[in-house]
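Structure first, commentary second.
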Amino acid sequence: MEEIEKEKLPRHIAIIMDGNGRWAKKKNLSRISGHLKGVDSVREVVTACREMGIKVLTLYAFSMENWQRPKEEVTALMGLLKEYLLKERDEMVKNNIRLSAIGRLEDLSPDVRATLDEAIKQTKKCDGMILNLALSYGGRSEILYAVHGILSDLKKGRIKEEEIDLSSFPQYLWTRGLPDPDLLIRTSGESRISNFLLYQIAYTELYLTETLWPDFNREELQKAIVDYQSRERRFGLTSEQINGMEE
Ligand code: FPP
């Protein structure tokens, strides 16, 4: 397989981890077994990103819409999340990974929320990589919350109308402080964004693969990064302008 160029790494990779259910169905297993195997892929991808030198990894672990899935599945997913956090937090500290989370975190049950907060606190000083989990996340809601935040600050006189611009607005999003994703990966052959990071992906490179999430691994990740590195990112400029900047 082609090697990754170290100096052209994406700073922030975001992943829509899709296909756990289909993976399980193909093997005549329960959907929950698919999610369980999906957690192994999470572990492998987090480790690989850390070793490769990726600075931010955002994983779409649970959307606001996912609450409407059958109760047993929601309970199982929350259980897997809690177990993952409990099992991995020492490993995260050891590997210098800081945990963060975006989404309507108040929707989480008190015990899952407490486990999450504890892991975030425990990894607070780590600065090798940020593992950012999207939990009860929705992109449209994130934008609406940002609008409410700005209106509230405007009323309190903390911001002036003329200061609302492309540099201040992102500070009101859940992703405040994080760079926009350079690469967005979606597994399992679907070609949609599903309400993920709507504001932040304006210039993100998309990589869609047929591979189901439980089968996604280090090699698949390497393939995605090599593909990303072959692209020319123009941010609305011409090819000549971009090449001129590099000289
Ligand atoms: C999509 O597969 C996957 C999810 C909705 C959940 C992703 C969760 C995990 C991988 C495990 C828990 C996460 C962490 C961070 C420990 P799907 O069920 O929509 O698959 P389908 O489209 O084939 O039905």
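Indexing begins at 1, ligand by ligand and atom by atom, following the structure's order.
A donor-acceptor pair shorter than 3.5 Å cannot be found between the side chains of Ser230 and Asp227. Remark: the His35 side chain and the Asn20 side chain contain an N/O donor-acceptor pair separated by less than 3.5 Å. Tyr199 and Arg140 are not linked by any side-chain donor-acceptor pair at a separation below 3.5 angstrom, with hydrogens and angles left out of the test.
At least one N/O-N/O distance between Gly21 and ligand 1 falls below 3.5 Å. Inclusion of Asn20 in the set of residues having an N or O under 3.5 Å from an N or O of ligand 1 is warranted. Considering backbone and side-chain atoms together, Arg69 places an N or O closer than 3.5 Å to an N or O of ligand 1. For ligand 1, one of its N or O atoms has an N or O atom of Asp18 under 3.5 Å away. Ligand 1 has no nitrogen or oxygen under 3.5 angstrom from a nitrogen or oxygen of Asn66.
Ligand 1 is never approached by Lys25 to a heavy-atom distance shorter than 4.0 Å. In this structure, Ser188 has no heavy atom closer than 4.0 Å to ligand 1. Within the 4.0 Å heavy-atom cutoff, Glu83 does not count among the residues contacting ligand 1.
Shown here are the ring pair (Phe, Tyr, Trp, His ring centres under 6.0 Å) partners of Phe216, two or more places apart in sequence or in another chain: Trp213.
Less than 4.0 angstrom separates some heavy atom of Val39 from each of these atoms of ligand 1: 11 (C). The ligand atoms of ligand 1 that sit less than 4.0 angstrom from a heavy atom of Trp213 are 10 (C). Close contacts between ligand 1 and Arg31 involve ligand atoms 17 (P), 18 (O), 24 (O) [criterion: under 4.0 Å to a heavy atom]. Atoms of ligand 1 found under 4.0 Å from any heavy atom of Arg22 (numbered from 1 in listed order, with element): 21 (P), 22 (O), 23 (O).
Residue Ile13 is tested with Thr58, Leu184, Ile54 for a side chain to side chain contact (heavy atoms under 4.5 Å, CB included); the sole match is Ile54.
Of all protein heavy atoms, the one lying nearest to atom 13 (C) of ligand 1 is Ala61 CB, 4.1 Å. Among all non-hydrogen protein atoms, the one lying nearest atom 14 (C) of ligand 1 is Val42 CG2, 4.3 Å. Of all protein heavy atoms, the one lying nearest to atom 1 (C) of ligand 1 is Met17 O, 3.1 Å.
Atom CZ of Arg11 has 12 or fewer heavy atoms from other residues, nucleotides or ligands within 6.0 Å. Around atom NZ of Lys125, no more than 12 heavy atoms belonging to other residues, nucleotides or ligands sit under 6.0 Å away. Counted within 6.0 Å of CD on Glu161, heavy atoms from surrounding residues, nucleotides or ligands total 12 or fewer; the atom is thus considered open. A 6.0 Å sphere centred on NZ of Lys25 holds no more than 12 heavy atoms belonging to other residues, nucleotides or ligands. Within a 6.0 Å radius of CD in Glu2, no more than 12 heavy atoms belonging to other residues, nucleotides or ligands are found.
When all heavy atoms of Arg31 and Glu73 are compared, the closest pair comes out as NE-OE1, 2.8 Å.
Contacts between Leu59 and ligand 1 below 4.0 angstrom, taking non-hydrogen atoms only, are absent altogether. Residue Trp23 does not touch ligand 1, judged by heavy-atom distances below 4.0 Å.
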